[in-house]
Amino acid sequence: MKQESEWEPKLLGFLCRWCSYAGADLAGTSRKKYPANIRIIKVPCSGRVDPLFILKALRLGFDGVLVSGCYPGDCHYQTGNYRARRRMAITKKFLEYVGVDPQRIQASWVSASEGGKFTEVVTEVTKGLKEIGPNKLFADER
Amino acid sequence: MKDRETEQRLRREAKALLEQGKVDYIIGFETGSLKFTTTPLITKDKDSVDRLIINPFIVNNLSEYLTELKGRVGIVAKGCDNRSIVSLIQDNQVKREDVVILGVPCPGIIDLSKVEGLVGKDRDELDDVTRDGDKVVVTVDGEKKEFPASEVLFDNCLGCEFPTPQEYNILLDESSSLVADKTASRKGIETLEGMPQEQRWDFWEKEFSRCIRCYACRSICPACFCERCFVEESEPQWIAPVPRWQDNLIFQVIRNIHVAGRCTDCGECERACPVNIPLRSLTKEMYDLVDDLYHFKAGMDKEAAPLMTHYETTDPEDFIK
Ligand code: SF4
Ligand code: SF4
Ligand code: SF4
Ligand code: FES
């Protein structure tokens, strides 16, 4: 039997291959410790992330979603992250109104050289998810 | 009285447009089959333009039909419909030169359910419902009762910011005299905002448990113009085709994200819903959200880029780590 205290949140990360994914890689190769709670999907650009991915992840039972891309001005495709920024803003704010804890929907800018920042972001987001508990949004019995 | 004049003018203009070959179709309103109601009239026939009407019940957003008709179209448009047309032009769904906009400054549309509630009688039992300035006069059993217009107009009309069309070929009347009541227009949203987060989610679970996924909301919405909607995609299948509340709610949240910056708060989706889900408490929230975040109002400028294809380097990002 698993104790409630042993529950670990599952975080789904959509990481841009040009920056945040490389940042996560760097964190790994430089042996920085970040929570194993994150499962990573490599995307060509943060602009690839459709709000539908976020809803689908929550529907599948992920406790939180993190979208991470290149800093403004640094997007490999120039404007992908600016578009992502608008999408993430309305998705997060609208879902908050509908009743989803905003901690479950997170975004960050992490460059390829920021292994440390990646570690911090994942640690912080995971901590937040632990505080708010498991995602039972789509469960029939809550 | 005023409606009669506007109506006469509309018929003359519509007839002339068809006779001179300036348009292939006229889209407007005619008398509906149920008492007081109106229904869309789409015609190529210059003699049927005499069926066109203007009255306080011309509720539908006719711009929905523009993407379905080929050729040039003369279309009757109130303030919100007019913005939907402009929004379709912004999205390259309609060419400006293919539409002749017959603008109607709108004093607000009467919600017959509200009238029924106030009078305590079914619409079939009412003799007449007319608009008189800031009042609505209801005649029942030969007796006249007056109500402030703000009590019987549709909620979205009470929140209307631009009742007079801004982009038109012919304006059928001078500006309108809409009585607005912004608080009443956001009543549903404010009740929800007053609830704790979990309770809001429970509220929507309950509402979307009734959704039968008929897609009437999508069909009637001029901003939902996709030839293929994400709900019908099968690889991957984003949501199950059977109506479970979870997937119904995801459908509606994503639909709202897709129409962000395109929705003009015309209120049609909520009226179309056969199970009375308060859809406007979602669409109006999104409408206000994009206005707050990006000072963007749908369909105000035909040259402007659509909200989500555009960005400013200064867009808010306080939520990004
Ligand atoms: S109109 Fe109502 S019942 Fe039909 S799909 Fe939309 S929300 Fe569901
Ligand atoms: S979402 Fe509803 S209120 Fe908005 S434009 Fe579409 S039908 Fe009108
Ligand atoms: S819900 Fe989205 S994909 Fe479907 S028709 Fe509307 S805008 Fe298009
Ligand atoms: S390439 Fe990294 S966000 Fe666009």
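Below, chains carry the letters A, B, ... as their sequence lines are ordered, and counting in each starts from 1.
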Exercise for the section: Name the region of B:Trp238, side chain, backbone, both or neither, that has any atom closer than 4.5 Å to a heavy atom of chain A. Expected result: both
Exercise for the section: Please say whether more than 12 non-hydrogen atoms of neighbouring residues, nucleotides or ligands are located less than 6.0 Å from CZ in B:Phe319. Expected result: yes
Handout entry: Best-contacting candidate, B:Val290, B:Ile239, B:Asn256, against chain A by heavy atom pairs under 4.5 angstrom
Key = B:Asn256
Handout entry: Pi-cation contact, B:Tyr311 with A:Arg85 (under 6.0 Å, within 45°)
Key = no
Practice task
Heavy atoms only: give me the nearest A:Pro72-B:Glu317 pair and the separation to one decimal.
Solution key: CG-OE1, 3.7 Å
Exercise for the section: Would you mind reporting whether A:Val125 and B:Lys321 have side-chain heavy atoms less than 4.5 Å apart? Expected result: yes
Exercise for the section: Evaluate the side-chain proximity of A:Ile90 to B:Met308: yes if any heavy-atom separation is below 4.5 Å, no if none is. Expected result: yes
Problem - Any donor-acceptor N/O pair, A:Trp109 side chain to B:Ile320 backbone, under 3.5 Å - result: no
Exercise for the section: Name the region of B:Leu249, side chain, backbone, both or neither, that has any atom closer than 4.5 Å to a heavy atom of chain A. Expected result: side chain
Exercise for the section: Please tell me if the side chains of A:Lys56 and B:Pro236 come closer than 4.5 Å, counting only heavy atoms from C-beta onward. Expected result: no
Practice task
Against chain B, label A:Leu95 side chain, backbone, both or neither, depending on which of its atoms sit under 4.5 Å from a heavy atom there.
Solution key: side chain
Exercise for the section: Could you check whether the rings of A:Phe138 and B:Trp245 sit parallel, tilted or perpendicular, using 30° and 60° as the cut-offs? Expected result: parallel
Fill in the blank from the handout: Distance col, row A:Tyr82:OH vs B:Glu312:CD, nearest 0.5 angstrom, shows 10.5 Å
Handout entry: Toward chain B, the part of A:Val67 with a non-hydrogen atom under 4.5 Å
Key = neither
Practice task
Answer yes or no: is there an ion pair linking A:Asp140 with B:Arg244, defined by an N-O contact shorter than 4.0 Å?
Solution key: no
Handout entry: Which atoms of A:Glu120 approach chain B - backbone, side chain, both or neither, heavy atom under 4.5 Å
Key = neither
Exercise for the section: Examine whether an atom of B:Phe203 lies under 4.5 Å from a heavy atom of chain A, and if so say whether it belongs to the side chain, the backbone or both; otherwise answer neither. Expected result: neither
Handout entry: Shortest non-hydrogen contact between B:Trp204 and A:Val98, atoms and distance
Key = CD1-O, 3.4 Å
Practice task
Please check if atom NZ in B:Lys182 has more than 12 non-hydrogen atoms from other residues, nucleotides or ligands closer than 6.0 Å.
Solution key: yes
Practice task
Could you tell me which residues in residues 47-55 of chain A have at least one non-hydrogen atom under 4.5 Å from a non-hydrogen atom of chain B, sorted by residue number?
Solution key: A:Pro51, A:Leu52, A:Phe53, A:Leu55
Problem - Residue B:Glu207 versus chain A: region with a heavy atom under 4.5 Å - result: neither
Practice task
Might you confirm whether atom NZ of A:Lys32 has over 12 heavy atoms from other residues, nucleotides or ligands at distances under 6.0 Å?
Solution key: yes
Handout entry: Proximal component of B:Thr314, with respect to chain A [non-hydrogen, under 4.5 Å]
Key = backbone
Practice task
Against chain A, label B:Asp202 side chain, backbone, both or neither, depending on which of its atoms sit under 4.5 Å from a heavy atom there.
Solution key: both
Handout entry: Minimum heavy-atom distance B:Gln246-A:Ala139, with the two atoms named
Key = NE2-C, 4.4 Å
Exercise for the section: For the pair A:Arg86 (side chain) and B:Thr309 (backbone), establish whether a donor and an acceptor sit closer than 3.5 Å, ignoring hydrogens and angles. Expected result: no
Problem - Criterion side-chain contact (heavy atoms from CB on, under 4.5 Å) on A:Arg59 and B:Asp247, from CA distance to verdict - result: CA-CA 9 Å; A:Arg59 174 80 167 101; B:Asp247 293 332; 2.9 Å; yes
Practice task
Using a 4.5 Å cut-off on heavy atoms from C-beta on, say whether the side chain of B:Val253 contacts that of A:Phe94.
Solution key: yes
